[in-house]
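Positions are given from 1 along the sequence.
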Amino acid sequence: MNINQYLDSTYLKTATQANITEAATKQNVIDLVNEAIENNFKLAMIRPEFVAMAKNMVKESNSEVLIGTVIGFHEGTYTTNDKLSEAQKAINDNVDELDFVVNYNAFKEGKINLVKAEVYKGTKLALDNNKVAKWIIEIAALTNEEIIALTQLVRDVVLENFGEENAANVFVKSSTGFFKTEGGKPNGATFEAMELIVENAKPLPAKAAGGVRNYEDAVKMVEMGVTRIGTSSAKVITEGNTAKEGY
């Protein structure tokens with residue numbers, strides 16, 4: 001299987017998180033985008049402040065690599081208006097795809113209308129501007145029952161408001177990769193959780209983010225019905241090796 005076109009090659013650490021300089025962070029983003037172009041990955045996923053630069057790099061290379069960014073990252077607790085403002089700026093910078101962190105804490109607290117409203121408004125902004133939207137539900141913070149319910153919520157909001165004809169452009173995505181788990185539990189995609197998402201998101205597509213670190217696992221995810229894989233180990237995966245760490 002040519003796995004490259006399933007991969008969203010990702011670098012989302014801030015300089016502080018990586019304990020490096022701002023200049024080094026920018027260089028890491030440049031290197032990621034160049035690697036995506038050289039290997040024909042589907043997309044490079046970066047923070048909003050680098051979108052304009054990355055789009056220029058892709059244009060100058062005559063590449064078809066897409067540029068995606070994260071919105072409300074990584075806690076998801078931004079107000080809906082703040083998320084929309086962040087998304088609009090990325091749209092103005094010509095981003096291709098918007099990965100919103102859903103307010104999963106509000107969902108867990110039973111604030112269902114708030115969550116439905118942000119999914120509706122964020123999806124509408126994306127679709128109105130011919131962009132792909134992905135909704136990160138943060139599976140490590142949820143029970144299996146909550147994974148099913150939140151996936152179904154996103155699905156239902158999309159189908160009821162935008163129709164099945166737009167379903168292919170709105171994903172349910174597993175994880176940010178930044179959620180702090182306890183006891184060594186995974187904070188990224190697991191096969192068990194992705195099976196739940198794939199089954200309950202249909203006809204919306206599913207993205208497995210974090211935790212996929214080798215070619216075999218990537219292929220297994222695709223065979224399960226996952227259509228995108230977010231990873232900081234894209235090159236390692238395509239080479240058939242296993243990444244020891246990373247998103």
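- Side chains of T231 and S233 form a contact here, defined as non-hydrogen atoms less than 4.5 Å apart.
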Identify all side-chain donor-acceptor contacts of residues 51-61 below 3.5 Å with residues at least two apart in sequence or on another chain.
| from | atom 1 | to | atom 2 | distance (Å) |
| --- | --- | --- | --- | --- |
| K55 | NZ | D96 | OD1 | 3.3 |
| K55 | NZ | D96 | OD2 | 3.0 |
| N56 | ND2 | A52 | O | 3.4 |
| S61 | OG | M57 | O | 3.0 |

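- A donor-acceptor contact shorter than 3.5 Å is absent between the side chain of E223 and the backbone of K220.
- In this structure the side chain of V222 reaches within 4.5 angstrom of the side chain of I3, judged on heavy atoms.
- In this structure the side chain of K180 never reaches within 4.5 angstrom of the side chain of N187, judged on heavy atoms.
- The salt bridge (charged side-chain N to carboxylate O under 4.0 Å, His left out) pairs that include a residue from residues 156-165 number zero, where partners must be two or more places apart or lie in different chains.
- Within the 4.5 Å cutoff, the side chain of Q17 has heavy atoms near those of the T14 side chain.
- Ion pairing between a basic and an acidic side chain is recognised when a charged N comes within 4.0 Å of a carboxylate O; K235 and E239 show such pairing.
- In this structure, the separation between CD on Q88 and CG on L125 is 5.5 Å, given to the nearest 0.5 Å.
- The hydrophobic clustering, which links ILVMFWY residues whose side-chain heavy atoms are closer than 4.5 Å, places V132 and L84 apart.
- Contact between G122 and W135 at its shortest, heavy atoms only, is CA-CZ2, 3.9 Å.
- Within the model, atoms CD1 of I237 and OG of S232 stand 8.5 Å from one another, a figure rounded to the nearest 0.5 Å.
- Between T79 and D82, the side chains place a donor N or O and an acceptor N or O closer than 3.5 Å (distance only, hydrogens not considered).
- Ion pairing between a basic and an acidic side chain is recognised when a charged N comes within 4.0 Å of a carboxylate O; K111 and E109 show such pairing.
- Between K42 and Y6 there is no side-chain heavy-atom pair separated by less than 4.5 Å.
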Result block: side-chain N/O donor-acceptor pairs under 3.5 angstrom for residues 188-212, not counting sequence neighbours:
| from | atom 1 | to | atom 2 | distance (Å) |
| --- | --- | --- | --- | --- |
| T190 | OG1 | A193 | N | 3.1 |
| E192 | OE2 | N144 | ND2 | 3.0 |
| N200 | OD1 | Q152 | NE2 | 2.8 |
| N200 | ND2 | L196 | O | 2.8 |
| K207 | NZ | D8 | OD2 | 2.8 |
| K207 | NZ | D99 | OD2 | 3.1 |

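- Contact detail for P48 and E86: the closest heavy-atom pair is CG-OE2, 3.8 Å.
- The shortest distance between side-chain heavy atoms of I91 and K131 falls below 4.5 Å.
- Note: the hydrophobic cluster containing F107 also contains F178 (ILVMFWY, side chain heavy atoms under 4.5 Å, direct or indirect links).
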Identify all side-chain donor-acceptor contacts of residues 63-78 below 3.5 Å with residues at least two apart in sequence or on another chain.
| from | atom 1 | to | atom 2 | distance (Å) |
| --- | --- | --- | --- | --- |
| S63 | OG | V65 | N | 3.0 |
| T69 | OG1 | I46 | O | 2.7 |
| Y78 | OH | F73 | O | 3.2 |

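- Between K173 atom NZ and E138 atom CD the span is 9.5 Å, to the nearest 0.5 Å.
- To the nearest 0.5 Å, the span separating CD1 on I136 from OG on S174 amounts to 8.5 Å.
- For the atom pair NZ (K124) and CG (N166), the distance works out to 11.5 Å, reported to the nearest 0.5 Å.
- Remark: of the listed residues T80, L150, L153, N161, L153 is the sole one forming a side chain to side chain contact (heavy atoms under 4.5 Å, CB included) with V119.
- The shortest non-hydrogen separation linking A90 to L98 is CB-CD2, 3.9 Å.
- The existence of a salt bridge linking E118 and K83 is confirmed by a sub-4.0 Å separation between a basic side-chain nitrogen and an acidic carboxylate oxygen.
- In terms of heavy-atom proximity, L159 sits nearest to A167 at CD2-CB, 4.2 Å.
- Counting heavy atoms from C-beta on, the side chains of R47 and Y11 never come closer than 4.5 Å.
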Distance-only check: which donor-acceptor pairs under 3.5 Å involve side-chain atoms of residues 34-41, not counting sequence neighbours?
| from | atom 1 | to | atom 2 | distance (Å) |
| --- | --- | --- | --- | --- |
| N34 | ND2 | I30 | O | 3.4 |
| N39 | ND2 | E35 | O | 2.8 |

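- Salt bridge status for K89 with D93: present, with a side-chain N to carboxylate O gap under 4.0 Å.
- Between the side chain of Y215 and the backbone N or O of V236 there is no donor-acceptor pair closer than 3.5 Å.
- Separating the CG atom in L142 from the OG atom in S175 is a distance of 9.5 Å, to the nearest 0.5 Å.
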Is there a side-chain contact (heavy atoms from CB on, under 4.5 Å) between L12 and M45? Walk through the geometry before answering. CA-CA 7 Å; L12 296 171; M45 178 61 60; 4.2 Å; yes
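- Atom NZ of K26 is surrounded by 12 or fewer heavy atoms from other residues, nucleotides or ligands within 6.0 Å.
- Inter-residue side-chain proximity for E97 and R228 is flagged as met; some heavy-atom pair is nearer than 4.5 Å.
- Heavy atoms of other residues, nucleotides or ligands lying less than 6.0 angstrom from CG of N19 number 12 at most.
- Of all heavy-atom pairs between A140 and T181, the closest is CB-CG2, 3.8 Å.
- Applying the ring-ring contact (aromatic ring centres under 6.0 Å, His included) test to residues at least two apart or on different chains, the pairs with a partner in residues 155-176 are Y120-F162.
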